[in-house]
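For reference, the structure discussed in these notes is given below.
Order of listing sets the numbers, starting from 1, for every ligand and every atom in it.
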Amino acid sequence: MAMKNQIIIIGGGASALMLASLLPKDTAIVIESNEKLGAKILVSGGGKCNITNTQMGVEYYLGDEDFISPSLKSFNEKSLLRWLERQRLEPVLRKETQYFCKESAKELLDIFTKESRKQNIVLGEEVTSVDKRDNTFYVKTNKRTYTSDTVVVASGGLSFPKLGASSIGYEIAKHFGHTIVKTAPALVGFTVQQEQFFFKTLSGVSTEVNIKVGAQLCRGALLFAHKGMSGPAVLDASLYWAKGKIEIDFLPDFSWKSVQGSKKQISSLLPMPKRVTKAFLIELALEDKPYYKLTKSELEKLHTLSHYTFAPAGTFGYGKAEVTKGGVDTSEVDNITMMSKEEEGLYFLGEVLDVTGRLGGYNFQWAFSSAYSCSKSIKGKIQ
Ligand SMILES: Cc1cc2nc3c(=O)[nH]c(=O)nc-3n(C[C@H](O)[C@H](O)[C@H](O)COP(=O)(O)OP(=O)(O)OC[C@H]3O[C@@H](n4cnc5c(N)ncnc54)[C@H](O)[C@@H]3O)c2cc1C
């Protein structure tokens, strides 16, 4: 049983582990339903964990700028890298701006496991409810009840239930009068409607694209998949999509003008995988012939590859989504301390809040930055 003055942290993922590491020894109890800490960290970033990004700012997030900004400023990517350096972790830069662990995400998890050992860690216990009576929180698990005057909800979103995700964070928030902004899977692949079923025949093929969703432009690889489409550009685009059409430029750095009058076959002319060109030619009912032989209407059809517009059927769902967008309404949480404006002593961190980052290390950065803000506030209360 935790001592009354120990802070209870619900969840043992990224934000909880950063908070447990930053707080003084023996001040917190971390309750994690899995038998191990940080399960998501281990599988993140293709097993290498994309920790943060050199390009950092509120513009890389979906959520309220005024809420996100103070935490991102007080613990930005540079502060995080300095903290990691002190723990002897030197992430490596990949894809120009993204910081990853050198060999494996375990390097980061090992640091957190070591650092958080100074707190009381409880594994394999699932929090089922939180109540408050006489200024004391009662945190009930499937095994016992813990009490404290401070509770931090760091239980993440709904994505990847097989790694321990649950709706407990939202339930606790609602119990204390919070509003939940509608949640949806994000950083996730799209399923397609019948007109795009031919994508499935290209399963496994990847091509560079620009995807436009509303005013947002997402650049990167599109991976055709058995269920529709995936890959970095698609995951990024999913953050901004609710329903309706998206526009894909399959020829992002290509100018049709530069090939005017070309005698080359279409499939040799276009800078995209031949299999993709051929599948589109079939779909557009075009023959693979020398470009200069195309009639005006055939040219028009072919040029749609630069602005191929359609409505995805949906997403691959929470089972495959890297994050959950939506969550605890941030107008009801203090932007400096992460404490609830509805309930004294109740805090929210990381993904459970209505803050979602783009692909590229932004979600871990948010988990760590919000944990830092909370740690400052809690340390002030302890001392
Ligand atoms: C496959 C995958 C790859 C990803 N790759 C990246 C990446 O490279 N870079 C990046 O920035 N982000 C990545 N993300 C997103 C990132 O992992 C999350 O945004 C981040 O972990 C959120 O931190 P958190 O602390 O809020 O929640 P989590 O890390 O999800 O931690 C929440 C913890 O709470 C526990 N929990 C839930 N319910 C209960 C309960 N009732 N009782 C007790 N414990 C409970 C869960 O088991 C979990 O351990 C990835 C996500 C996935 C799924």
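Interface of Tyr362 with ligand 1, defined as ligand atoms under 4.0 Å from a residue heavy atom, comprises 11 (O). Near Ala14, meaning under 4.0 Å from one of its heavy atoms, ligand 1 places the atoms 21 (O), 23 (O), 25 (O), 29 (O). For ligand 1, the atoms lying closer than 4.0 Å to a non-hydrogen atom of Glu351 are 18 (C), 19 (O), 20 (C), 22 (C), 26 (O). The ligand atoms of ligand 1 that sit less than 4.0 angstrom from a heavy atom of Ser166 are 37 (C), 38 (N), 39 (C), 41 (N). Residue-ligand proximity, Gly350 to ligand 1, at heavy-atom distances under 4.0 Å covers atoms 26 (O). Near Gly156, meaning under 4.0 Å from one of its heavy atoms, ligand 1 places the atoms 26 (O), 27 (O), 32 (C). Which parts of ligand 1 touch Val323 is read off a 4.0 Å heavy-atom cut-off, strictly below it: atoms 15 (C), 19 (O). Near Gly13, the atoms of ligand 1 lying under 4.0 angstrom from a non-hydrogen atom of the residue are 25 (O), 29 (O), 31 (O), 33 (C), 49 (O).
For Cys49, no nitrogen or oxygen atom sits less than 3.5 Å from a nitrogen or oxygen atom of ligand 1, counting backbone and side chain alike. Residue contacts with ligand 1: Gly45 is placed with a nitrogen or oxygen under 3.5 Å of a nitrogen or oxygen of the ligand (distance criterion only). Taking any N or O of Asn50, backbone or side chain, at least one lies under 3.5 Å from an N or O belonging to ligand 1.
For atom 51 (C) of ligand 1, the closest heavy atom belonging to the protein is Glu322 O, 3.1 Å. When only non-hydrogen protein atoms are considered, atom 33 (C) of ligand 1 lies nearest to Glu32 OE1, 3.6 Å. Here the heavy atom of the protein found nearest to atom 34 (O) of ligand 1 is Gly11 CA, 3.3 Å.
Residue contact annotation: Glu125 has a non-hydrogen atom under 4.0 Å from ligand 1. In this structure, Ser159 falls outside the shell of residues with a heavy atom less than 4.0 angstrom from ligand 1. Residue-ligand proximity: Ser155 is placed with a non-hydrogen atom under 4.0 Å from ligand 1. A heavy-atom separation below 4.0 Å is found between Leu163 and ligand 1.
Aromatic pair Phe198/Phe280: ring centres closer than 6.0 Å. Phe310 has its ring centre less than 6.0 Å from the ring centre of Tyr308. Checked against the 6.0 Å centroid threshold, Tyr99 and Phe364 do not count as a close aromatic pair. Ring centroids of Phe176 and Phe137 are separated by less than 6.0 Å, placing the two rings close together. With ring centers used as reference points, Trp83 lies 6.0 Å or more from Phe368.
The part of Ile168 lying near ligand 1 is the side chain, judged by heavy-atom distances below 4.0 Å. Of the heavy atoms in Phe364, both backbone and side-chain atoms come closer than 4.0 Å to ligand 1. Under 4.0 Å from ligand 1, the heavy atoms of Ile31 that appear belong solely to its backbone.
The heavy-atom pair separating Tyr372 from Ser74 by the smallest distance is CE2-O, 3.6 Å. Closest heavy-atom contact between Tyr170 and Gly327: CE2-CA, 3.7 Å.
Considering CD of Gln265 and CD of Glu287, their distance stands at 9.0 Å, rounded to 0.5 Å.
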For residues 345-357, dump all side-chain donor-acceptor pairs below 3.5 Å to protein atoms at least two apart in sequence or in another chain.
from	atom 1	to	atom 2	distance (Å)
Tyr347	OH	Ser377	OG	3.1
Glu351	OE2	Thr324	N	3.0

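Shown here are the salt bridge (charged side-chain N to carboxylate O under 4.0 Å, His left out) partners of Glu342, two or more places apart in sequence or in another chain: there are none.
A salt bridge links Glu125 and Arg144; the closest N-O separation between the charged side-chain nitrogens and carboxylate oxygens is under 4.0 Å.
Using modelled atom types, one finds a donor on one side chain and an acceptor on the other under 3.5 Å when comparing Glu171 with Ser167.
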